[in-house]
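Let me begin by presenting the structure, written as structure tokens, before commenting on it.
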Amino acid sequence: MAAWRSWAALRLCATVVLLDMVVGKGFVEDLDESFKENRNDDIWLVDFYAPWCGHCKKLEPIWNEVGLEMKSIGSPVKVGKMDATSYSSIASEFGVRGYPTIKLLKGDLAYNYRGPRTKDDIIEFAHRVSGALIRPLPSQQMFEHMQKRHRVFFVYIGGESPLKEKYIDAASELIVYTYFFSASEEVVPEYVTLKEMPAVLVFKDETYFVYDEYEDGDLSSWINRERFQNYLAMDGFLLYELGDTGKLVALAVIDEKNTSVEHARLKSIIQEVARDYRDLFHRDFQFGHMDGNDYINTLLMDELTVPTVVVLNTSNQQYFLLDRQIKNVEDMVQFINNILDGTVEAQGGDSILQRLKRIVFDAKSTIVSIFKSSPLMGCFLFGLPLGVISIMCYGIYTADTDGGYIEERYEVSKSENENQEQIEESKEQQEPSSAESVVPTVQEPKDVLEKKKD
């Protein structure tokens with residue numbers, strides 16, 4: 001009886017899962033060439049895919065969930081997908097260069113999604129971009145609600161000004177990453193101190209920072225740098241995104257499954273520096289930790305010992321390593337200050353020599369990974385071409401050898417013939433002279449001739 005109930009429960013779960021998949025697919029429209037003419041009537045969230053793409057197949061169930069969720073909450077955004085290989089001309093018009101590509105299309109504007117491919121992140125992107133470019137905050141209650149809801153957001157405070165125009169331009173470019181609001185001075189929390197108006201602020205990490213044109217430079221660049229929390233759990237995607245900020249990344253490289261004290265200690269040191277020295281370093285440094293050293297090893301082209309601390313410049317692939325163990329927060333602060341004043345030498349980089357080294361390293365890593373994952377496949381992929389090349393080289397070598405022998409033999413025969421001809425010519429020249437010497441014309445004495453005559 002218990003076994004029957006378990007079996008019935010499993011069947012029910014499977015049915016529910018299949019039903020969700022079918023319903024989810026029902027809320028994702030398959031788009032064709034008519035989409036080009038009709039798309040301006042609505043806001044569309046579109047997945048451009050290729051049928052053979054493995055990442056596209058992995059995204060498909062998530063995309064169905066996105067379609068179901070957007071429909072259930074009454075979102076004005078329609079969810080669709082298009083086979084970019086069948087409708088390549090339309091995909092090219094939208095700048096699709098890889099698969100899958102997620103875009104939100106609003107009027108004549110197209111926004112690329114570059115975040116993690118999870119349901120919640122994609123839906124948040126759709127809500128952020130489909131709404132107003134700059135959302136007003138009319139009350140303190142609304143302001144507090146936004147603080148609880150969003151980890152990072154930007155606020156313009158003040159009336160019409162050239163700074164507001166710059167703020168609108170920056171928002172139109174960076175709305176794909178973060179939220180932009182506007183508010184009056186009365187709405188701002190009491191703990192916020194403003195030296196002058198108008199102003200642009202970023203709220204994050206339970207505090208705020210005010211944009212200073214003199215120290216921070218271009219407003220759009222400042223927003224791009226400050227759109228991240230000060231401390232993050234890093235992965236390869238985040239490190240790639242941080243490359244555009246120009247900030248150095250101080251990382252504790254640890255193994256999160258390892259419960260030893262050293263792993264937790266280094267992570268704690270980086271967290272303390274990020275929190276306690278935020279005002280001092282937030283313009284130049286991003287802090288975080290990374291689980292495992294595989295990705296870091298590919299950047300450094302070396303095997304990094306775990307746990308350890310490394311500072312990365314992801315914009316030019318330079319890195320900084322301390323030649324001793326970091327014992328406390330003071331050691332880490334001193335290390336950062338030494339990097340800023342140039343007393344710590346940067347390693348790596350993107351010079352021509354480093355690029356050649358990286359090509360060799362990537363080739364070696366690819367070959368090793370293939371042989372580790374599938375030795376038979378590795379032997380086939382590399383053994384077959386090597387065998388063909390070996391046969392070709394052998395054929396070329398033997399062909400050269402025979403040809404050389406024949407040519408040498410021909411040269412010898414030719415030289416022998418020339419020698420023989422020279423010998424015959426010399427004989428012919430010697431024969432007349434020999435005849436003259438053997439049978440000379442001898443004149444007999446006159447008295448002998450007379451006797452013969454008598």
Side-chain angles (χ1 to χ4, degrees), residues 143-144 146-148 150-158 163 166-167 170 174 177-181 183 185 188-234 238-239 241-252 265-289 309-315 320 322 326-344:
F143 199 105
E144 293 173 359
M146 290 300 107
Q147 283 185 298
K148 293 177 181 178
H150 303 302
R151 297 174 181 175
V152 180
F153 65 95
F154 294 83
V155 181
Y156 172 82
I157 301 172
L163 181 61
K166 294 179 181 178
Y167 184 71
L174 300 172
Y177 299 118
T178 189
Y179 285 90
F180 294 87
F181 298 94
E185 191 174 3
V188 178
E190 294 180 358
Y191 63 83
V192 175
T193 303
L194 296 176
K195 296 180 180 179
E196 59 182 5
M197 296 281 291
V200 177
L201 292 77
V202 56
F203 289 83
K204 62 178 182 178
D205 303 321
E206 300 179 354
T207 187
Y208 70 96
F209 300 98
V210 182
Y211 167 68
D212 186 326
E213 186 175 4
Y214 178 76
E215 293 187 5
D216 298 316
D218 178 64
L219 176 61
S220 181
S221 299
W222 177 77
I223 292 174
N224 191 46
R225 291 195 303 269
E226 297 298 331
R227 63 187 174 89
F228 299 96
Q229 290 179 278
N230 202 32
Y231 185 92
L232 294 167
M234 298 287 181
L238 265 177
L239 286 178
E241 289 288 302
L242 287 168
D244 296 331
T245 66
K247 287 187 177 183
L248 301 176
V249 184
L251 276 179
R265 187 183 69 83
L266 287 180
K267 180 181 176 181
S268 177
I269 288 175
I270 299 297
Q271 287 175 329
E272 287 185 41
V273 173
R275 182 185 65 246
D276 299 339
Y277 294 84
R278 177 166 34 206
D279 294 340
L280 188 61
F281 296 137
H282 84 275
R283 281 189 171 91
D284 302 303
F285 278 86
Q286 180 72 45
F287 299 91
H289 71 273
V309 170
V310 61
V311 176
L312 303 174
N313 186 343
T314 54
S315 62
F320 303 85
L322 197 61
I326 292 177
K327 298 180 180 179
N328 48 43
V329 172
E330 288 71 22
D331 276 354
M332 187 65 206
V333 172
Q334 184 63 43
F335 181 38
I336 291 175
N337 284 325
N338 290 341
I339 292 173
L340 291 175
D341 61 27
T343 55
V344 177

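Not measured: the values here are computed from a predicted model.
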Without swapping roles, check the side chain of [X] against the backbone of [Y] for a donor-acceptor pair under 3.5 Å.
X: D216; Y: D212; result: yes
X: N230; Y: A274; result: yes
X: H282; Y: R278; result: yes

For the student: nearest non-hydrogen atoms of [X] and [Y], plus distance:
X: V344; Y: F320; value: O-CE2, 3.7 Å
X: K166; Y: L219; value: C-CD2, 3.8 Å
X: W222; Y: V210; value: CZ2-C, 4.2 Å
X: L248; Y: V311; value: CB-CG1, 4.0 Å
X: I270; Y: A252; value: CG1-CB, 3.7 Å

Spacing of [atom1] belonging to [X] relative to [atom2] belonging to [Y], to within rounding of 0.5 Å:
X: F228; Y: F287; atom1: CZ; atom2: CZ; answer: 15.0 Å
X: E144; Y: K148; atom1: CD; atom2: NZ; answer: 6.5 Å
X: Y211; Y: L201; atom1: OH; atom2: CG; answer: 12.5 Å
X: L242; Y: N224; atom1: CG; atom2: CG; answer: 9.5 Å
X: L251; Y: L232; atom1: CG; atom2: CG; answer: 10.0 Å

Who passes side-chain contact (heavy atoms from CB on, under 4.5 Å) against [X], sequence neighbours left out?
X: D331; value: R324, I326, K327, N328
X: L280; value: Y277
X: Y191; value: Q147, P189, F203, Y208
X: R151; value: Q229

- Query: F181: what forms a ring-ring contact (aromatic ring centres under 6.0 Å, His included) with it, not counting sequence neighbours?
  - Reply: F153
- Just jot down the salt bridge (Lys or Arg N to Asp or Glu O under 4.0 Å) partners of E272, sequence neighbours excluded, or say none. none
- Residues at least two apart in sequence or cross-chain that pass salt bridge (Lys or Arg N to Asp or Glu O under 4.0 Å) with E241, listed by chain then number, are R227
Contacts of [X] that satisfy side-chain hydrogen bond (donor to acceptor under 3.5 Å, both in side chains) - sequence neighbours left out:
X: E215; answer: R283
X: N313; answer: S315, N316
X: Y231; answer: H289
X: T207; answer: none

- Message: Per the salt bridge (charged side-chain N to carboxylate O under 4.0 Å, His left out) rule, what does the pair list look like for residues 190-211, sequence neighbours excluded?
- Response: K204-E226
- Message: Which label fits F285 and F281: parallel for a plane angle under 30°, tilted from 30 to 60°, or perpendicular past 60°?
- Response: perpendicular
